2 protein chains.
Amino acid sequence: MVQLPKQPVPSSPAPPAVPTSADVARLAGVSRATVSYVLNNTRAVRISEPTRRRVHEAAEELGYVPHAAARSLRAGHSRMVLMPAPNVPVGALYSQFLNELQWALSRLDYTVVQYGSIGLQGDEAARAWAELRPVAVLVPGAGLGPQGVHVLKRSGARAVLTLGPERVEGAHTLLLDHDGVGHSAGAHLLARGRRGVGVVLPLEDGLALYSRPRLEGVRRALRGTGAAVTELPLAYEEESAARLAARWRSLCLDAVFAYNDEYAMLLMRALQDEGVDVPGETAVVGADDLMLGRLLRPRLSTVHIELPSGRELAELVDRVVRDPAGVPEVHQVLGARIVHRESS
Amino acid sequence: MVQLPKQPVPSSPAPPAVPTSADVARLAGVSRATVSYVLNNTRAVRISEPTRRRVHEAAEELGYVPHAAARSLRAGHSRMVLMPAPNVPVGALYSQFLNELQWALSRLDYTVVQYGSIGLQGDEAARAWAELRPVAVLVPGAGLGPQGVHVLKRSGARAVLTLGPERVEGAHTLLLDHDGVGHSAGAHLLARGRRGVGVVLPLEDGLALYSRPRLEGVRRALRGTGAAVTELPLAYEEESAARLAARWRSLCLDAVFAYNDEYAMLLMRALQDEGVDVPGETAVVGADDLMLGRLLRPRLSTVHIELPSGRELAELVDRVVRDPAGVPEVHQVLGARIVHRESS
DNA sequence: TTGAAAGCGTTACCAC
DNA sequence: GTGGTAACGCTTTCAA
């Protein structure tokens with residue numbers, strides 16, 4: 001729960017009062033109700049043109065901007081869609097998706113707000129979000145549990161959606177099929193005749209949620225084929241990659257699925273520095289299909305991941321807001337397809 | 001100005017009312033005032049321990065979460081710091097800076113919110129932000145003009161800060177010295193004996209604001225030395241880079257400052273594919289000091305950019321909020337220093 | 001130690 | 001057509 005400051009900010013010499021609709025009404029010589037009607041284009045009531053003009057002019061002159069808090073307090077609901085602000089760098093793919101989503105939601109008259117939640121533990125975050133009384137909450141990744149969902153719904157959120165690798169009780173879930181990403185990579189490597197497949201598991205926090213299902217996907221693809229999977233913990237640092245590369249030949253691998261393109265670049269570089277031929281001796285496959293991969297030599301094979309379009313997701317949010325019970329709770333998303341280049 | 005929906009969302013079968021402090025009071029058998037005292041730890045008034053417990057239990061049982069809008073409406077101010085949500089992928093450097101800032105601000109009891117402003121034109125955005133009555137607004141890049149600053153201040157924002165390449169009238173500005181970035185690169189290349197320096201100008205929208213000052217910085221470094229600067233427009237696509245590389249030798253350049261590490265990678269790859277030796281024939285320098293650069297061969301020389309620390313910026317925001325007039329309006333920031341590796 | 005009441009800025013319902 | 005008025009949820013004097 002957010003604490004208000006113990007003592008309000010000190011009033012500077014001249015704190016010119018913020019204009020309210022009452023000020024506009026006074027200046028225009030009408031009532032507050034009329035101001036509201038004019039400024040909100042209320043169609044149920046007809047206001048004479050001269051009056052409208054006077055109101056608009058007054059608002060303009062005073063620099064009047066309506067007070068969202070007062071409005072939503074009165075209305076009993078807001079049009080705010082809240083998302084937690086990402087706390088890791090977002091790639092081009094995801095960034096574009098976010099933009100699209102935002103744009104589509106604003107077309108539907110929603111306001112998208114990303115809430116900085118660093119330092120908030122689990123349910124604290126949900127409580128903090130709930131204080132803003134968003135009409136919808138959209139949470140990518142993990143970080144929202146059933147408790148949090150409950151808090152949000154209890155405080156009026158009509159839609160709580162998660163976008164991640166696992167279902168969350170009570171929320172609408174867009175299930176990101178990371179297993180399928182690994183499966184694509186595994187099946188591809190198998191088809192290329194590889195039999196000893198390493199799978200990179202990033203040591204960085206929070207990535208296990210994705211890397212584990214991807215690993216499982218590779219396992220699934222190779223099951224019963226005689227090909228073997230080896231787990232390869234790796235930190236996103238040159239040194240860690242160098243250590244792994246140094247013992248590469250002892251691992252007896254002829255392929256590696258490197259979690260994503262960036263880890264792939266890191267590892268491929270280390271392998272090459274160690275004299276390991278790619279793809280001759282070891283095939284390398286990344287994921288995310290970044291520009292990066294096309295610039296490497298050999299060009300990096302990768303798993304292209306297809307997120308749902310921002311427009312689709314926006315419409316889903318809107319449907320859930322309008323009728324939470326009328327929309328299935330789980331949606332499978334995320335197409336994955338291999339992009340074969342030169343590294344495999 | 002945000003339109004409310006013409007008709008409110010249809011009430012589903014059982015819209016269980018959101019609990020208010022009145023509900024908590026009723027359940028605990030006390031008055032609303034007492035609830036407020038207990039939940040806000042108001043020190044000016046002592047509440048008996050049993051009563052406190054009853055209130056807390058009631059709040060817990062009902063899943064009560066205070067209503068931020070009502071609170072800030074009553075208080076007359078909020079502790080919200082608003083930033084526009086970035087609409088381009090943010091790199092690791094900036095992302096970490098944002099996290100730090102957010103964390104530091106939350107330590108100071110502020111709530112950081114990123115507002116999705118795509119589709120809003122210039123001053124519309126400022127009006128939309130102003131509706132939320134943030135106590136501070138922090139705008140990286142351009143996108144906020146004097147008009148917008150005025151709107152925000154008029155609606156109660158005590159601090160309006162911009163973080164960008166140029167001053168904005170009325171706002172506190174953290175002047176990002178992109179000129180210095182170019183200057184570092186230029187001076188370095190000059191010291192390495194280069195005389196024909198190309199400077200990449202990204203064609204992507206919005207980057208001119210940074211690339212122009214960087215170009216000027218290079219020019220400044222080379223002025224009066226006999227070395228020449230050539231502008232090199234470049235899109236972030238392989239094909240564009242290939243075209244540039246194809247005519248490279250006709251340009252008679254022995255060095256290039258590639259705007260940043262990503263463009264540097266793109267261009268360096270194209271040059272190498274064209275048979276141009278780096279750094280023998282042409283030196284390449286990037287900027288941002290990404291991990292990326294260390295993985296390239298030759299390792300990429302780069303300009304390391306030092307943003308102000310999140311903590312410092314948070315403290316600045318806080319100082320401006322407390323006393324807008326007591327803080328100088330313009331701050332020069334952004335240290336730039338060359339990191340010499342192998343590509344130059 | 002607790003309670004009653006006023007008021008923050010809006011909008012919607014009813015009279016005029 | 002237009003103008004009072006009540007109410008949204010909360011905090012904070014002021015009284016008891």
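Residue numbers start from 1 in every chain, and the chains themselves are labelled A, B, ... in the order their sequence lines are given, proteins ahead of strands. Every value quoted in this text rests on a predicted model; they were computed, and no experiment measured them.
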Quiz item: Which salt bridge (Lys or Arg N to Asp or Glu O under 4.0 Å) pairs, counting each pair once, include a residue from residues 47-57 of chain B, with sequence neighbours left out?
Solution: B/R53-B/E57

Self-check item: salt bridge (Lys or Arg N to Asp or Glu O under 4.0 Å) assessment of B/D123 paired with B/R127
Solution: CA-CA 6 Å; B/D123 291 341; B/R127 294 182 75 85; over 6 Å; no

Quiz prompt | Phosphate-side-chain proximity, B/T51 and C/dT2, N/O vs OP1/OP2 below 4.0 Å | solution = yes

Quiz item: Got a sec, which residues hit salt bridge (charged side-chain N to carboxylate O under 4.0 Å, His left out) with B/R319, two or more places apart in sequence or on another chain?
Solution: none

Give every donor-acceptor pair under 3.5 Å between a side-chain atom in residues 147-154 of chain A and any protein atom, sequence neighbours left out.
unit_1: A/K153; atom_1: NZ; unit_2: A/G170; atom_2: O; d: 2.8
unit_1: A/R154; atom_1: NE; unit_2: B/L62; atom_2: O; d: 3.3
unit_1: A/R154; atom_1: NH1; unit_2: B/A17; atom_2: O; d: 3.3

Self-check item: Nucleotide C/dT2, atom P - distance to CG of B/N40 in whole Å
Solution: 16 Å

Quiz item: How would you list, by chain and number, every residue that makes a side-chain hydrogen bond (donor to acceptor under 3.5 Å, both in side chains) with A/R311, sequence neighbours excluded?
Solution: A/E315

Exercise. Specify the residue among B/R54 and A/T42 whose closest nucleotide of DNA chain C lies further upstream toward the 5′ end.
Key: B/R54

Practice problem: Apply salt bridge (charged side-chain N to carboxylate O under 4.0 Å, His left out) to B/E329 and list each qualifying residue two or more places apart in sequence or on a separate chain. | Solution: B/R167

Quiz item: Can you tell me how far P of C/dG9 sits from CG of A/L39, to the nearest Å?
Solution: 16 Å

Quiz item: With side chains defined as the heavy atoms from C-beta onward, is the minimum distance between B/Y37 and B/T51 less than 4.5 Å?
Solution: no

Quiz prompt | side-chain hydrogen bond (donor to acceptor under 3.5 Å, both in side chains) against B/S36, all qualifying residues, sequence neighbours excluded | solution = B/N40

Sort me out a list of protein N/O and nucleotides 13-16 of chain D N/O pairs below 3.5 Å, or just none if empty.
unit_1: D/dT13; atom_1: O4; unit_2: B/Y37; atom_2: OH; d: 3.4

Exercise. Give the rounded distance in Å between these two atoms: NE2 of B/H77 and P of C/dG9.
Key: 13 Å

Quiz item: Is B/S48 near enough to C/dT2 that one of its side-chain N or O atoms lies under 4.0 angstrom from OP1 or OP2?
Solution: yes

Please tabulate, for side-chain N and O atoms in residues 133-141 of chain B, each donor-acceptor pair with protein atoms closer than 3.5 Å (sequence neighbours left out).
unit_1: B/R133; atom_1: NH1; unit_2: A/V65; atom_2: O; d: 3.3
unit_1: B/R133; atom_1: NH1; unit_2: A/P66; atom_2: O; d: 3.3
unit_1: B/R133; atom_1: NH1; unit_2: B/A130; atom_2: O; d: 2.9
unit_1: B/R133; atom_1: NH2; unit_2: A/V65; atom_2: O; d: 2.6

Quiz item: By side chain to side chain contact (heavy atoms under 4.5 Å, CB included), which residues pair with B/H56, not counting sequence neighbours?
Solution: B/V38, B/L39

Kindly give the atom pairs (protein nitrogen or oxygen, nucleotide nitrogen or oxygen) under 3.5 Å for nucleotides 6-9 of chain D.
unit_1: D/dA7; atom_1: N3; unit_2: A/R74; atom_2: NH1; d: 3.2
unit_1: D/dC8; atom_1: O2; unit_2: A/R74; atom_2: N; d: 3.2
unit_1: D/dG9; atom_1: N2; unit_2: B/A70; atom_2: O; d: 3.3

Quiz item: Base, sugar-phosphate, or nothing for B/V30, non-hydrogen atoms under 4.0 angstrom?
Solution: sugar-phosphate

Practice problem: Report the end-to-end axis angle of the helix from C/dT1-D/dA16 to C/dC16-D/dG1; each axis comes from five terminal pairs, and the value is rounded to 10°. | Solution: 40°

Practice problem: Would you please name every residue forming a salt bridge (charged side-chain N to carboxylate O under 4.0 Å, His left out) with B/E169, sequence neighbours left out? | Solution: none

Self-check item: Euclidean distance, atom CG of residue A/N41 to atom P of C/dT10 [Å, nearest integer]
Solution: 17 Å

